[in-house]
Colleague: 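Here you go, one structure.
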Protein chains: 2
Amino acid sequence: MTESLTDQRRLRPRGSNLGRELAEKLRARIIGGEFPPGARLPSETAISDAYGVSRVTVRTAVKLLESQGMVNVRHGSGTYVADFGGQVRTGLQELRSISETIQEMGFTPRMERYRMEQRPATPEEAAKLAIDDGTEVISIQRAILADEIVMAYSYDVIPSSLIPASHVGELGVDSLFRVLDQLGLQPVRALAELHAVNSTEVAWGPSQPESGLYLLLDQVHQDQRGAAVAYSRTYFVEGRFQFMILRTR
Amino acid sequence: MTESLTDQRRLRPRGSNLGRELAEKLRARIIGGEFPPGARLPSETAISDAYGVSRVTVRTAVKLLESQGMVNVRHGSGTYVADFGGQVRTGLQELRSISETIQEMGFTPRMERYRMEQRPATPEEAAKLAIDDGTEVISIQRAILADEIVMAYSYDVIPSSLIPASHVGELGVDSLFRVLDQLGLQPVRALAELHAVNSTEVAWGPSQPESGLYLLLDQVHQDQRGAAVAYSRTYFVEGRFQFMILRTR
DNA sequence: TAACCGTCAGTTGTAGGACGACTTACGTCT
DNA sequence: AGACGTAAGTCGTCCTACAACTGACGGTTA
């Protein structure tokens with residue numbers, strides 16, 4: 001068995017590398033306030049000295065932060081912390097669970113399960129997940145709350161073959177991402193479609209919003225090889241969740 | 001056939017660099033179908049030989065494409081074209097004009113100007129643009145059409161001080177981005193907010209959509225220094241414009 | 001036969017040093 | 001005071017080399 005090898009690999013998060021790790025550290029220092037918006041980061045050579053890595057690695061880290069909109073790199077001048085309104089930092093384009101985002105915003109997230117069932121995939125779901133028509137899938141309907149206020153209604157679909165029976169129970173309780181992570185199925189990207197929806201058939205349970213106006217995030221989550229691991233439709237109640245997109249060149 | 005990028009340095013547009021240029025060329029080849037989804041790109045050394053640039057430059061280009069979700073890089077294996085369901089669609093997070101996006105999708109874009117005026121900024125606009133209350137701004141209301149069908153209604157606001165009188169005339173006709181580009185005001189990032197809107201007061205003119213359901217993209221465009229150069233609200237008619245977001249780790 | 005396990009070539013990740021291109025500040029000259 | 005040249009600092013690109021990883025091939029073993 002090669003179990004010991006995989007365990008060692010876990011010490012360094014799977015799929016990460018020095019560049020990503022350094023980017024995460026720098027990001028933490030920026031968020032921590034050490035480098036306020038507009039401030040200049042140390043030079044690349046200074047950073048490479050401080051962290052004991054090569055300047056190549058520093059550059060990949062900085063480039064990553066730049067692509068996330070955290071910093072602006074100016075040739076000949078330096079690298080500067082981007083100035084967003086002071087508070088916003090997580091954009092929609094970064095892949096993370098909604099629960100975590102709610103938590104980072106200072107609220108208490110909670111999941112409420114409405115229905116969970118195993119059934120054949122509908123043609124649309126099969127197309128999105130690139131599986132055969134009628135393959136068994138697990139369907140989960142949940143509400144996502146922040147401080148007991150409904151933020152969104154989610155409809156998730158996962159092929160049953162990906163979830164061993166021992167983990168099915170966690171699906172309705174824990175975050176979808178966390179369960180997938182435990183199974184070694186880290187989605188690294190998601191192809192999302194956006195729609196405005198006005199319907200009374202989305203919400204369920206108590207404290208339904210009055211307007212019926214939602215922002216629909218229709219997502220296919222993929223692993224590193226491009227294989228679809230989950231299909232989720234999340235209906236965000238308009239006005240309750242601030243959606244930020246960072247558009248970069 | 002090797003082409004050297006460094007030879008034509010004088011022709012290079014401002015603010016670009018070799019890495020970005022190479023990324024653009026590779027992107028064109030991918031979109032052109034030379035490398036279909038799932039295909040492996042030539043190795044980094046092969047690309048660096050073919051284009052006459054160093055492997056470092058190739059890596060920055062590939063990293064850029066990776067951050068845009070165009071490719072997946074696998075250590076020890078190669079770089080593979082990401083698989084979006086067969087079609088190539090431009091993601092929302094890449095900053096480009098709507099006209100260009102329409103054109104890339106194979107339609108004919110057209111702008112229709114409804115109203116353009118110079119007036120003091122409203123408090124909300126002043127806040128978004130980080131200017132003093134009541135500063136003179138130019139306000140433009142337009143419709144964006146693809147093959148003569150209204151895709152979106154846009155409400156743009158630019159501080160008057162940025163636009164010399166000689167260029168004001170072009171504002172309603174040409175793309176906003178193109179005018180700003182001619183003035184050396186290249187927006188490199190935009191902080192956008194997303195909303196679902198249901199209103200009958202957005203549309204004007206003939207061929208108004210029946211539903212009144214829109215996806216509102218509320219954007220503040222910034223230059224490289226983080227200064228706000230324009231504030232735009234674009235109401236996309238629901239269902240007519242496919243919105244793609246690429247979420248990456 | 002079938003599973004296992006090195007080996008090896010190919011590819012991406014990281015290192016170190018060097019120089020070019022650009023920005024900024026500062027001192028000099030007019 | 002203003003224009004200009006200079007120099008130091010910083011990012012952009014190049015070169016070479018090696019480490020880490022992947023995938024395929026073949027030999028070994030049960």
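Every heavy atom of this structure was used, including side-chain atoms; hydrogens, water molecules and symmetry mates were not. Lettering follows sequence order; numbering is per chain, from 1.
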Colleague: Using heavy-atom distances to pick each residue's nearest nucleotide on DNA chain D, tell me which of Val56(A) and Thr79(A) is more 5'.
Modeller: Thr79(A)
Colleague: To the nearest Å, give me how far apart OH (Tyr51(A)) and C1' (dT14(C)) are.
Modeller: 18 Å
Colleague: Is any side-chain N or O of Ser77(A) closer than 4.0 Å to OP1 or OP2 of dT23(C)?
Modeller: no
Colleague: State whether Arg233(B) and Glu124(B) are salt-bridged, where the test is any N-O pair (Lys NZ or Arg NE/NH1/NH2 against Asp/Glu carboxylate O) under 4.0 Å.
Modeller: no
Colleague: Within this structure, what is the CG-to-C1' distance between Leu41(B) and dT12(C), rounded to whole angstrom?
Modeller: 13 Å
Colleague: Between Leu65(A) and Ala23(A), what is the shortest heavy-atom contact and its length?
Modeller: CD2-O, 3.8 Å
Colleague: Look at the side chain of His75(B) against the base of dC21(D) and say whether a donor-acceptor pair falls under 3.5 Å; ignore hydrogens and angles.
Modeller: no
Colleague: Could Glu66(A) and Lys63(A) be called an ion pair, given the rule that one side-chain N must be under 4.0 Å from one carboxylate O?
Modeller: yes
Colleague: Return the minimal non-hydrogen interatomic distance between Leu64(A) and Arg20(A), and the atom names on each side.
Modeller: CD2-CG, 3.9 Å
Colleague: Nearest-Å distance, CD (Glu44(A)) to P (dC19(C))?
Modeller: 19 Å
Colleague: Starting at the 5' end of DNA chain C, which residue's closest nucleotide do you reach first, Gly19(A) or Tyr80(A)?
Modeller: Gly19(A)
Colleague: From CZ of Arg59(A) over to P of dT13(D), roughly how many Å is that when rounded to an integer?
Modeller: 7 Å
Colleague: Looking at dT10(D), I'd like to know if its phosphate oxygens (OP1 or OP2) sit under 4.0 Å from a side-chain N or O belonging to Arg40(A).
Modeller: yes
Colleague: Separation of Lys63(A) atom NZ from dC11(D) atom P, in whole Å?
Modeller: 11 Å
Colleague: Between dT10(D) atom P and Glu66(A) atom CD, what is the distance in whole Å?
Modeller: 18 Å
Colleague: From C-beta outward on Arg55(B), which listed nucleotide comes closest to its side chain: dA21(C), dT14(C), dC21(D)?
Modeller: dT14(C)
Colleague: Look at Thr57(B) and dC14(D) and indicate whether a side-chain polar atom (N or O) is within less than 4.0 Å of OP1 or OP2.
Modeller: yes
Colleague: Looking only at atom types and distance, does a side-chain atom of Thr57(A) sit under 3.5 Å from a main-chain N or O of Leu18(A), one as donor and one as acceptor?
Modeller: no
Colleague: I need the CG-P distance between Leu18(B) and dT13(D), as an integer number of Å.
Modeller: 5 Å
Colleague: Provide, to the nearest angstrom, the distance between the CG atom belonging to Asn17(B) and the P atom belonging to dA21(C).
Modeller: 14 Å
Colleague: Identify whether any heavy atom of Val62(B) sits under 4.0 Å from a base atom; if not, whether one sits that close to sugar-phosphate; answer base, sugar-phosphate or nothing.
Modeller: nothing
